[in-house]
Amino acid sequence: MSLDMMTGDVVQALRDRFGAGVVGAQPTGEAFPVLWLAPEIWVAAHRMLRDEIAQPFPLLADLWVIDETTRQGLEGQPASTLTLCSHLTSLARNADLRLKLATAGSAPSLVPVYANADWYEREAFDMFGMDFGRETRRILMPPTWDGHPLRKTHYARATERPPFVMTDAFFAAEERATPTDPAELGLPAIRDGEELMVLNFGPHHPSTHGVFRILLGLDGEEVVWAWPDIGYHHRGVEKMAERQTWHGFIPYTDRVDYLGGVMSELPYLMAVESLCGITVPPRAQMIRVMLCEFYRIMNHLLFYGTMAQDVGQMSPVFYMFTDREKGYDLIQTVTGARMHPAFFRIGGVAMDLPTGWETLVRDFLDWMPARLDDYERMVLNSRLFKARTVGVGAYDTATALNWGTTGPGLRATGCDWDLRKRRPYSGYEQFDFDVPTGTRGDCFDRTRVRADEMRESLKIIGQCLAHMPAGPVKADHPLTTPPPRKAMQRDIETLITHFLQMSWGTNVPRGEATGQVESHRGLSQYSLVSDGGAQSYRTRIRTPSFAHLQMLPTILPGMTVADLVAHVASLDFVMSDVDR
Amino acid sequence: MTLLAWLLLATASIVLLALLMVAAGVFTWVERRVLGFLQERLGPNRVGPFGFLQWVADTVKLITKEDAAPAGADRAAYILAPAFAAIPMLTGFGVVAFGEGWAVADLDMGVVFVMGMLALTVYALVLGAWASRNRYAMLGGLRAAAQMLAYESFLGLSLMGVVLMAGSFRMSDIVAAQDGLWFILLQPLGAALFFTAGIAAAHRLPFDLQESENDIVAGFMTEYSGMSFALFFLGEYIAVMLVAALGTTLFLGGWYGPLLPGPIWFGLKVGLICLAFIWIRAALPRPRYDQLIGFAWKVALPLALLNLLVTGWIVVGRAG
């Protein structure tokens with residue numbers, strides 16, 4: 001396998017250096033090696049991979065925990081209660097590496113090696129009670145929460161508990177527990193003898209783009225420190241995944257990033273299909289690509305408009321909603337829904353394209369370019385817009401990777417990392433498109449990159465229109481859910497599968513699989529663990545937005561409040577995507 | 001002055017006040033419809049023909065809404081602030097000459113009086129911000145104060161050229177001096193600076209940093225609701241009209257125009273400037289607070305001084 005070749009020398013180097021510290025390699029169907037490490041070398045191995053080898057792994061893409069207590073089929077794995085997994089990416093090698101650590105509930109912290117391990121470890125504590133020997137403040141759940149929700153012993157349904165009643169005492173306790181005092185957070189109240197004004201920015205602020213709170217220490221208009229507080233939008237999607245059928249979880253993925261529509265369905269289904277061994281037929285693949293690109297445009301239009309609005313330009317967002325309306329009309333005709341279509345299925349898509357879809361797509365392709373030209377004149381070429389964004393919130397590629405930034409935020413720094421090009425999935429290798437990049441990595445470049453990406457997406461959609469292959473839109477495979485209706489009506493085997501799938505759920509073979517896509521925000525990754533049941537054993541959702549917010553405390557100081565708003569807008573996050 | 005003259009003056013004042021209130025109401029409707037038109041949407045079109053009565057409905061809504069002061073607010077100042085926003089603006093119109101002899105009080109220091117009234121609003125903003133005990137409001141209030149210093153400096157200077165040429169501060173004299181040739185042609189730089197500062201004086205986008213909703217929610221009026229919010233709003237719209245009236249008087253030849261009677265021409269010109277204000281609001285992003293202040297002190301003020309200097313030379317040269 002080509003990707004193994006990319007990492008073979010690394011695995012060998014790890015074994016040479018740490019010997020028995022590398023406990024073993026786990027055979028999986030993944031496109032990257034999965035290694036079990038001993039706790040003593042956990043940090044040293046990461047440091048070596050990040051700093052001490054040629055073509056290193058600068059990106060900690062994800063860090064998460066699997067509660068192994070009730071899992072079936074663990075033969076061959078080291079004994080573990082909570083398994084800590086880290087997922088590293090090397091851009092130079094275009095390869096990944098997954099490291100695992102068997103623990104009984106405590107693990108060494110990776111923060112000294114990878115800065116962005118901070119929030120991931122806080123999440124692992126919050127969700128699993130994993131002890132890293134460091135700050136134990138909850139990150140997603142309310143500070144008053146009892147227990148660690150992603151543990152298998154924690155209830156998954158409200159009906160497993162007595163009815164919830166909001167009492168005054170409960171409300172007061174919640175309010176008290178919300179940190180607002182800088183002293184409590186170890187933040188200074190005074191700078192150079194000047195008392196700082198503490199500003200509670202959000203969670204209900206017009207410019208935080210969702211329920212997101214940043215506690216700010218201000219000296220006049222200047223931000224001295226910033227403390228982001230997330231979790232207001234947490235719905236426990238990863239927990240829900242463990243109680244839904246594999247098929248039934250698809251609509252939830254739409255709502256992980258509620259502006260992404262089908263975009264999050266794709267990594268999830270890529271992982272499920274890889275577990276099932278399903279090859280998706282070409283027509284279905286191209287329909288998926290076309291819809292994903294439509295949603296990329298829909299998202300970027302909203303970003304573009306709100307970005308302009310957040311620096312005070314009122315009108316563009318309205319024009320862009322006209323375009324979005326056109327796009328959604330088309331999406332609606334194809335999928336039957338607008339924002340959350342739940343259109344992809346295990347093994348294909350829900351239905352074929354409607355008659356006459358070509359005309360609609362062609363109309364949209366004719367309509368958009370002139371509009372994008374208008375926006376370029378209106379926004380990007382505006383001197384006031386430039387004055388507000390050029391040089392604001394700039395960071396370089398190394399900083400971006402250190403904080404786990406991917407997508408347009410990374411490409412704006414000049415790094416042309418795009419999974420659609422580097423690791424083509426769902427047939428992206430057939431398309432001719434460019435990857436727009438910036439140079440300064442500031443708010444302006446982030447806007448520019450997204451504006452240019454829309455043109456590339458239009459190119460891809462144009463190629464879908466020109467080359468849409470004929471054929472089925474669902475794979476001919478027993479685990480395709482639901483199976484093709486005609487087949488179900490004709491042969492008994494398919495009828496049985498259909499019946500089982502509808503009444504019980506699809507039983508997905510045991511194993512681990514990962515699906516990665518380049519979403520409109522960056523790396524969106526679903527890491528699934530199946531123990532052969534009708535539900536997922538563990539669904540880990542790595543979202544780009546979560547990673548992108550982590551840089552805020554380091555980049556905001558020195559900005560004015562108005563710059564902060566521009567910077568936050570230029571990150572283009574969605575709180576549902578942060579909190580899940 | 002005779003009793004009759006007093007009565008006439010009082011009636012004229014009351015009629016003017018009523019007209020201004022209605023005009024401000026209609027202006028809100030016009031603004032929303034025009035913005036809608038500029039932004040590919042409809043705007044309010046349900047109440048009355050073309051939605052024209054929307055402003056009446058809004059007024060009724062605002063009057064009947066609860067006017068709640070936040071806990072910890074300085075109540076007296078909190079109630080006083082909105083009045084400070086509206087009253088000076090209404091007073092400013094007292095010296096405006098709408099036509100030949102059409103002014104409630106044609107003061108010999110008319111221009112200075114209007115400038116003073118425009119400057120007074122900053123008290124309303126700072127007072128409202130302070131009284132609200134809200135940190136966003138505080139930021140807005142501080143911005144308002146710093147911004148006022150910045151634009152007032154060149155607002156006054158930008159129109160001195162006109163005053164020099166007309167040789168009077170009286171509004172009617174200034175208009176009379178433009179019989180035939182409007183000052184906008186003789187004072188293009190002055191006019192450009194005046195309208196730039198005018199946008200700031202009226203707290204309109206792109207210079208509405210004290211209420212910039214994208215970063216500080218609603219700035220100084222974050223905590224205001226009901227009628228006291230409406231008064232701030234009224235103050236803002238009347239300020240726009242006052243700036244437009246001042247601009248018309250100083251640069252667009254006031255009531256002069258063919259065929260139609262003077263006051264109609266005056267109204268048309270004011271309306272046109274107001275539309276330009278709406279257009280600018282729809283088109284431009286907002287500069288950052290320090291950028292605006294920098295522009296005011298480093299670019300606009302020197303330009304205004306230069307304009308004054310050159311005008312002075314010419315006027316003196318001609319006289320000599």
Side-chain angles (χ1 to χ4, degrees), chain A residues 196-202 204-209 216-218 220-223 305-326 371 374 377-389 391-392 559-569, chain B residues 31-32 34-43 129 133-147 196 199-200 203-219 222 277-295 298-299:
Chain A
L196 301 180
M197 179 165 91
V198 177
L199 187 67
N200 198 31
F201 200 83
H204 305 294
H205 187 284
S207 297
T208 52
H209 296 239
L216 295 173
L218 298 180
E221 288 256 340
E222 187 197 339
V223 177
T306 49
M307 178 73 211
Q309 197 177 39
D310 280 347
V311 297
Q313 200 171 16
M314 203 185 169
S315 300
V317 74
F318 291 105
Y319 302 130
M320 292 171 196
F321 265 77
T322 310
D323 306 336
R324 276 165 56 85
E325 192 62 26
K326 280 194 188 292
R371 300 281 287 191
D374 275 351
R377 274 194 293 277
M378 202 182 301
V379 182
L380 289 177
N381 293 346
S382 154
R383 288 179 61 187
L384 274 175
F385 183 82
K386 282 184 184 157
R388 285 296 309 276
T389 52
V392 173
M559 287 190 190
T560 64
V561 178
D563 281 346
L564 173 148
V565 168
H567 179 73
V568 162
Chain B
E31 168 155 51
R32 292 172 67 186
V34 171
L35 278 179
F37 169 73
L38 291 173
Q39 294 168 345
E40 293 185 339
R41 56 193 179 87
L42 291 171
R133 282 276 182 98
N134 176 305
R135 295 174 196 196
Y136 289 105
M138 200 62 226
L139 280 175
L142 291 177
R143 282 184 183 186
Q147 193 185 321
T196 311
I199 294 173
H203 316 303
R204 296 276 302 183
L205 213 148
F207 300 142
D208 61 341
L209 299 175
Q210 57 282 83
E211 54 171 290
S212 157
E213 74 281 1
N214 301 102
D215 39 336
I216 52 173
V217 190
T222 303
F277 270 63
I278 297 174
W279 190 11
I280 289 170
R281 179 176 177 201
L284 290 182
R286 185 187 289 122
R288 205 171 52 218
Y289 157 77
D290 53 310
Q291 290 167 341
L292 172 64
I293 307 269
F295 166 79
K298 291 178 196 159
V299 181

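Here is the naming used below: chain letters follow the sequence lines, and residue numbers restart at 1 for every chain.
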Engineer: Name the region of A:Leu564, side chain, backbone, both or neither, that has any atom closer than 4.5 Å to a heavy atom of chain B.
Structural biologist: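 Neither part.
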Engineer: Look at B:Glu40 together with A:Arg371 and state whether they make a salt bridge at an N to O cut-off of under 4.0 Å.
Structural biologist: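 A salt bridge is present here (some side-chain N lies under 4.0 Å from a carboxylate O).
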Engineer: Let's test your reading of the structure: which of B:Arg286, B:Met138, B:Arg41 forms the most heavy-atom pairs below 4.5 Å with chain A?
Structural biologist: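 Heavy-atom pair counts peak at B:Arg286.
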Engineer: At a heavy-atom separation under 4.5 Å, does A:Phe321 approach chain B through its side chain, its backbone, both, or neither?
Structural biologist: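 Nothing of A:Phe321, per the 4.5 Å heavy-atom cut-off to chain B.
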Engineer: Minimum heavy-atom separation for B:Arg288 to A:Ala562, with atom names?
Structural biologist: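 Heavy-atom minimum between the residues: CG-CB, 3.8 Å.
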Engineer: So for A:Val198, is it side chain, backbone, both, or neither that comes closer than 4.5 Å to the heavy atoms of chain B?
Structural biologist: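 Both parts, backbone and side chain.
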Engineer: Counting C-beta onward and ignoring hydrogens, is there a side-chain heavy-atom pair between A:Glu221 and B:Leu139 closer than 4.5 Å?
Structural biologist: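 Yes. Closest side-chain heavy atoms under 4.5 Å.
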Engineer: Between B:Arg135 and A:Met197, what is the shortest heavy-atom contact and its length?
Structural biologist: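 Closest approach of B:Arg135 to A:Met197: O-CE, 3.8 Å.
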Engineer: Measure the CG-CG distance between B:Leu292 and A:Leu384 for me, rounded to the nearest 0.5 Å.
Structural biologist: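 Rounded to the nearest 0.5 Å, the CG-CG separation comes out at 10.0 Å.
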Engineer: Does any heavy atom of chain A fall under 4.5 Å from the side chain of B:Arg281, the backbone, both, or neither of them?
Structural biologist: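 For B:Arg281, backbone and side chain are both near chain A.
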Engineer: Does any heavy atom of chain A fall under 4.5 Å from the side chain of B:Leu284, the backbone, both, or neither of them?
Structural biologist: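 Both parts, heavy atoms under 4.5 Å.
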Engineer: Find the distance between CG (B:Leu38) and CZ (A:Phe318) and round it off to the nearest 0.5 Å.
Structural biologist: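 Going from the CG atom of B:Leu38 to the CZ atom of A:Phe318 covers 11.0 Å.
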Engineer: If you take all heavy atoms of A:Leu199 and B:Tyr136, which pair is closest and at what distance?
Structural biologist: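 Minimum heavy-atom contact is CD2-CE2, 3.7 Å.
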Engineer: Give the minimum heavy-atom separation between B:Gln39 and A:Ser315, together with the two atoms involved.
Structural biologist: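 Taking every non-hydrogen atom into account, NE2-OG, 2.9 Å.
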